[in-house]
Amino acid sequence: MSFSITKKGDALAAAQAGSFDVLPIFDPAMECASRAYIEALQTEKLKRQVRYAYERVPYYRAKMDEMGVSPTDIQTLDDVRKLPFTDKTALRDTYPYGMFAVSLDEVREIHASSGTTGTPIVVGYTDADMDVWSDCIARLVQMAGVVPADNAQMAFGYGMFTGGFGLHYGLQKLGCTMIPAGAGNTERHIKMIQDYGTTVLIATPSYAMHICEVGEQLGYDWESSPLRVGLFGGEPCPPGLKAEIESRMHIVCTDNYGLTEVMGPGVSGECLAARDQQHIAEDHFLWEVVDPKTGEPVAEGEMGELVLTPLDKQAIPVLRYRTHDLTRVTKEPCACGRTHARMDKVRSRSDDMLIIRGTNVFPSQIEDVLTQIDEVTPHYHIIVETVDGMDALTVQTEIRPSAFTDSFEALDAMRRRIEEKLKSVLLVGVKVSLMEPGGIERTMGKAKHVEDRR
Ligand code: DLL
């Protein structure tokens, strides 16, 4: 069977048939390098990067001096554990440029992440950093089957968020035509997809779902639409949500991970072989997985917090950044031919755990239960509050138009069934509030699922 990568549906069909020769690899020499080569390269880069951070960033010099560690103590990859961790506080306390290793003259662009507290985290990119960034993105978009002939429409916000410009530069590097629509104005997005022949859409998965629904409401036929690929990221993408978007929009979607502090998008990308895992750009990032409580490494392949050390960053070299994102990593070879380690999709953060009457609850557990219930949409909202001195958990979930009924009894039975299902998984009582179709607010960027009012 022969496949044509620019034909809707063929990239995934080729991957499923094991015909990986149809799917191009942006930098095969590096992406398919031997493990020995990758580790030797990482070791050399780590030594260089630690010296660079020590010599140029007073924060690291002071930290390492205080710990009695010198750059010459770093000789092997395991020696990374001798180095201090970095967290958001260090970047906030040195706002805006205190962690920069170069003067602003050498910085081509800055970005920032707003986070949940007031002070943003500011990061910068030199020309060389911009090159690495666009390279990493070009790699991950090819993992999804994107080729230079594609027209890529941006639905991430441009601005300080790294998602918009990051993907834009990488797609352009590959040779795609960029359609810089930006976030919002959903109906216009749909019109542009049709009028401009958009083949690739870049969005958060929650916004892509919204674009899908609005298209359906307008009577837009996604099956005959030119759109072929969805590039997602910036927020967790539950497998059920991805599968639903793929089948309703007739596209193949990949979930791509990154964070501002170490670069932005481009840290890891999903290939069409591994699907729910993402290849980490190991020549640019050294990864560790640690126990979020102790900071000690977990056994290989075990779940823990991802810690990242960018190996090439010039403007802002960060050592051992605590991402708070929970995942596990495997170095097993991948059918796509790439050798770089794969991390599981990030579903939870160590800091998004809710403690409800003493029981630990992750929003991703709630999400998993809801995606197994046919009558509700992937949109949900969690409210935690104190009622009569006790924690109370309410899950708002939206009924699909096809399951909607005027019968109070039927709705009440549905509500109780969802409550029971949630309780059996979470081991804590939950109040479910059923919303009408469209009743949960849609966002253009990252969805905010949890409202903790305590
Ligand atoms: O969200 C960078 C990015 C933009 C990645 C666009 C991919 C696409 P921040 O705004 O700094 O950067 O947020 C980083 O978002 O620590 C994760 O908790 C979460 N996150 C990002 N991508 C994913 C993903 C960008 N694919 C924080 N799956 C990270 C799960 C993700 N969580």
Side-chain angles (χ1 to χ4, degrees), residues 12 203-216 222 230 232-257 270 274-278 303 325-328 344-349 352-354 356 360-384 393-404 411 413-443 445-451:
L12 187 57
T204 56
S206 49
Y207 189 44
M209 185 73 239
H210 183 49
I211 294 176
C212 170
E213 289 170 337
V214 172
E216 287 171 349
W222 287 112
F232 297 163
E235 65 178 6
C237 178
L241 176 63
K242 188 170 74 174
E244 182 160 347
I245 298 173
E246 288 188 327
S247 75
R248 281 168 67 177
M249 291 179 99
H250 298 268
I251 58 178
V252 59
C253 305
T254 62
D255 174 20
N256 305 296
Y257 167 87
E270 174 184 331
R275 298 301 335 248
D276 288 334
Q277 292 176 322
Q278 299 146 344
M303 196 72 162
D325 293 318
L326 300 177
T327 187
R328 60 177 152 223
D344 278 11
K345 246 172 186 315
V346 170
R347 296 291 315 281
S348 307
R349 292 175 53 84
D352 69 6
M353 189 178 78
L354 300 165
I356 310 292
N360 299 345
V361 172
F362 279 101
S364 57
Q365 295 175 290
I366 297 176
E367 197 170 74
D368 284 341
V369 171
L370 296 178
T371 49
Q372 286 162 23
I373 298 171
D374 291 339
E375 295 99 322
V376 300
T377 71
H379 304 285
Y380 68 94
H381 192 64
I382 299 169
I383 299 167
V384 191
L393 178 64
T394 304
V395 175
Q396 296 178 331
T397 175
E398 196 183 279
I399 311 173
R400 285 189 194 275
S402 55
F404 199 71
L411 289 176
M414 189 193 301
R415 184 183 57 75
R416 272 186 279 115
R417 196 158 36 81
I418 303 174
E419 281 180 349
E420 273 157 33
K421 211 152 185 186
L422 281 168
K423 187 171 182 193
S424 72
V425 171
L426 307 178
L427 308 177
V428 64
V430 183
K431 188 170 153 241
V432 165
S433 164
L434 292 179
M435 315 283 284
E436 284 180 12
I440 291 180
E441 199 191 339
R442 309 293 194 253
T443 45
K446 301 186 187 217
K448 193 173 175 308
H449 293 296
V450 181
E451 194 181 325

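No hydrogens, no waters, no symmetry mates; every other heavy atom, side chains included, goes into these values.
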Electrostatic pair [X]-[Y], nearest N-O below 4.0 angstrom:
| X | Y | answer |
| --- | --- | --- |
| Arg275 | Glu246 | yes |
| Lys421 | Glu375 | no |
| Lys448 | Glu441 | no |

Item to complete: For Gln372, look at atom CD and say whether over 12 heavy atoms of other residues, nucleotides or ligands are found less than 6.0 Å away.
Response: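 Result for CD/Gln372: enclosed.
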Do the non-hydrogen side-chain atoms of [X] and [Y] ever get within less than 4.5 Å of each other?
| X | Y | answer |
| --- | --- | --- |
| Leu393 | Leu422 | no |
| Trp222 | Ile211 | yes |
| Val432 | Met414 | no |
| Glu367 | His449 | yes |
| Asp368 | Arg347 | yes |

Just verifying a value: how many Å separate [X] [atom1] and [Y] [atom2], rounded to the nearest 0.5 Å?
| X | Y | atom1 | atom2 | answer |
| --- | --- | --- | --- | --- |
| Gln396 | Leu434 | CD | CG | 10.5 Å |
| Leu370 | Glu398 | CG | CD | 11.5 Å |
| Leu354 | Ile366 | CG | CD1 | 7.0 Å |
| Ile373 | Ile418 | CD1 | CD1 | 4.5 Å |
| Thr254 | Lys242 | OG1 | NZ | 7.5 Å |
| Lys446 | Thr204 | NZ | OG1 | 9.0 Å |

Could you check whether [Y] and [X], counting side-chain N and O atoms only, form a donor-acceptor pair closer than 3.5 Å?
| X | Y | result |
| --- | --- | --- |
| Glu213 | His379 | yes |
| Ser348 | Ser364 | yes |
| Asn256 | Gln278 | no |

Give the minimum heavy-atom separation between [X] and [Y], together with the two atoms involved.
| X | Y | answer |
| --- | --- | --- |
| Glu270 | Asp255 | OE1-N, 2.8 Å |
| Ile245 | Pro205 | CD1-O, 3.5 Å |
| Ala447 | Ser206 | CB-OG, 3.5 Å |
| Leu427 | Ser424 | CD2-O, 3.7 Å |
| Tyr380 | Pro363 | OH-O, 4.2 Å |
| Leu426 | Gln365 | CD2-CB, 3.7 Å |

Discussion item. For a side chain to side chain contact (heavy atoms under 4.5 Å, CB included) check, start with the C-alpha distance between Thr327 and Tyr257, then their side-chain angles and the critical distance, and finish with the verdict.
Written reply: CA-CA 11 Å; Thr327 187; Tyr257 167 87; over 6 Å; no
Worksheet entry | Audit row: Thr371, Leu241, side chain to side chain contact (heavy atoms under 4.5 Å, CB included) steps and yes/no | CA-CA 7 Å; Thr371 49; Leu241 176 63; 5.5 Å; no
Discussion item. Determine whether Glu216 and Arg400 satisfy the following criterion, salt bridge (charged side-chain N to carboxylate O under 4.0 Å, His left out), listing intermediate values before the conclusion.
Written reply: CA-CA 13 Å; Glu216 287 171 349; Arg400 285 189 194 275; over 6 Å; no
Practice prompt. Not counting sequence neighbours, which residues clear side chain to side chain donor-acceptor pair (under 3.5 Å) with Glu419? List them please.
Written response: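 Glu419: side chain to side chain donor-acceptor pair (under 3.5 Å) contacts with Arg415.
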Worksheet item: Hey, mind stepping through Val450 and Asp352 against side chain to side chain contact (heavy atoms under 4.5 Å, CB included) and telling me if it holds?
Response: CA-CA 9 Å; Val450 181; Asp352 69 6; over 6 Å; no
Worksheet entry | Glu244 side chain vs Pro378 backbone, donor-acceptor pair below 3.5 Å |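 Such a contact is absent between Glu244 side chain and Pro378 backbone.
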Discussion item. Leu326 vs Asp344, test: side chain to side chain contact (heavy atoms under 4.5 Å, CB included). Steps then yes/no.
Written reply: CA-CA 9 Å; Leu326 300 177; Asp344 278 11; over 6 Å; no
